[in-house]
Protein chains: 2
Amino acid sequence: MTVSDYFSNTAAPSSSDTLNRVGCPSREILDHVTSRWGVLILAALLERSYRFSELRRRIGGISEKMLAETLRALERDGFVHRDAQPVIPPHVDYSLTPLGREVGEQVWALTQWVERQVPTVFKARDAYDAARAKTG
Amino acid sequence: MTVSDYFSNTAAPSSSDTLNRVGCPSREILDHVTSRWGVLILAALLERSYRFSELRRRIGGISEKMLAETLRALERDGFVHRDAQPVIPPHVDYSLTPLGREVGEQVWALTQWVERQVPTVFKARDAYDAARAKTG
DNA sequence: CAGGATCCGTAACGATACTG
DNA sequence: CAGTATCGTTACGGATCCTG
């Protein structure tokens, strides 16, 4: 499937032949899994299942709000399974669904690829900045 | 390489063993290529090279500012090649570097995967919403 | 413990006007 | 044509307080 095929078959609010499909559902889903916290949550849950506060500590720096919101979005999309045991105090386990494991691994692969290219990217940035300093 | 290995070897401003490496360079690079406009620009340039305004029309709905900013970020990272011919009126071609083609294809693969799962995700959402309507 | 509700600041984004 | 500069808005994210 080509890029052109891909983007021409779905209704676009703006124009008919545009890459930018506003409000496109796949774009929204992609945002959930590639968002700042989405990536980290998927990565953590790729290790094992976690409880809410446990996950919060594991990730570090994430607010309760964002953890809850991102988890809910991922759960609603079918990537995360929420297992709430009706005990007091509450005990809730979060884990990846098979579908979630699939995306998680792909996002994770991309993350690793990017990480491997960091030195290369830095060299490119140095070259870019140097060229800019000269010509200005 | 495991998730744990991956996130434990870089300096983290907050804590030492956290998934969240604030200001992490790979995270910034990942943002550039998975951002709303980054994804679309990479997709377009996967087809062929484009001139600035041409690219703007091809993507649709992107402002000049965002196109310029995103292109500059991708160029600086070494993913996009900018060929400015010194003529009047200016003629500038944007294309992918080999490195850019690599990320582009990966991001594109992820986008396609997500697109294929849209029906599945929608079913999951329906189930989620239905369960919420009852208990919620 | 697991979250929901609320308030608030910032930074990202869009629209517009202008320039080489 | 290919941008840069500026400004106004908005939506995202963080901090805090509260509840079952």
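Below, chain A is the first sequence line, B the second, and so on; all start at residue 1.
- Residue A:R82 is classed as a sugar-phosphate contact, given heavy-atom separations below 4.0 Å to backbone atoms only.
- For B:R51, taking side-chain heavy atoms from C-beta onward, the closest of the listed nucleotides C:dA15, D:dG13, D:dC1 is D:dC1.
- Atom CZ of A:R57 is separated from atom C1' of C:dA2 by 12 Å (rounded to the nearest Å).
- Here D:dG13 presents its P atom at 12 Å from CG of A:L40, a figure rounded to the nearest Å.
- B:L67 and A:Y128 fall into different hydrophobic clusters, where Ile, Leu, Val, Met, Phe, Trp and Tyr are joined by side-chain heavy atoms under 4.5 Å apart, directly or via other members.
- Judged by the 6.0 Å and 45° rule, A:R56 forms no cation-pi pair with A:F52.
- Checking B:E69 against A:V92, the closest nucleotide of DNA chain C that is more toward the 5' end is the one next to A:V92.
- Closest to the B:K65 side chain, of the nucleotides D:dC1, C:dG14, C:dG3, is C:dG14.
- Atoms CG (A:D31) and P (D:dA11) sit 14 Å apart, rounded to a whole Å.
- Closest contact between the side chain of A:E64 and the listed nucleotides C:dC13, C:dG4, D:dG14 involves C:dG4.
- Taking atom CG on B:L67 and atom C1' on D:dT4, their separation rounds to 13 Å, with Å as the unit.
- Contact annotation: B:R72 reaches the phosphate of D:dT4 (side-chain N/O to OP1 or OP2, under 4.0 Å).
- Rounded to an integer number of Å, the gap from A:D93 CG to C:dA2 C1' is 12 Å.
- The closest side-chain heavy-atom distance from B:R125 to A:I29 is below 4.5 Å.
- Residues A:P89 and A:I62 both approach DNA chain D. Their nearest nucleotides, taken by heavy-atom distance, put A:I62 toward the 5′ side.
- Of all heavy-atom pairs spanning A:I59 and A:W37, the tightest one is CG2-CZ3, 3.9 Å.
- Looking at heavy atoms from C-beta onward, A:L30 lies out of side-chain contact with B:E115 at the 4.5 angstrom threshold.
- Atom pair B:Y50:OH and D:dG3:P shows a separation of 17 Å (rounding to whole Å applied).
- For A:I41 and C:dG3, the CD1 to P distance is 12 Å, given to the nearest whole Å.
- Taking every side-chain heavy atom of B:F52 into account, D:dA2 is the closest of D:dC7, D:dT4, D:dA2.
- Residue A:Y94 places at least one side-chain N or O under 4.0 Å from the OP1 or OP2 atom of C:dG3.
- In this structure, A:I59 places its CD1 atom 14 Å from P of C:dA2, rounding to the nearest Å.
- Comparing A:S63 and A:P90 against DNA chain D, the residue whose closest nucleotide sits nearer the 5' end is A:S63.
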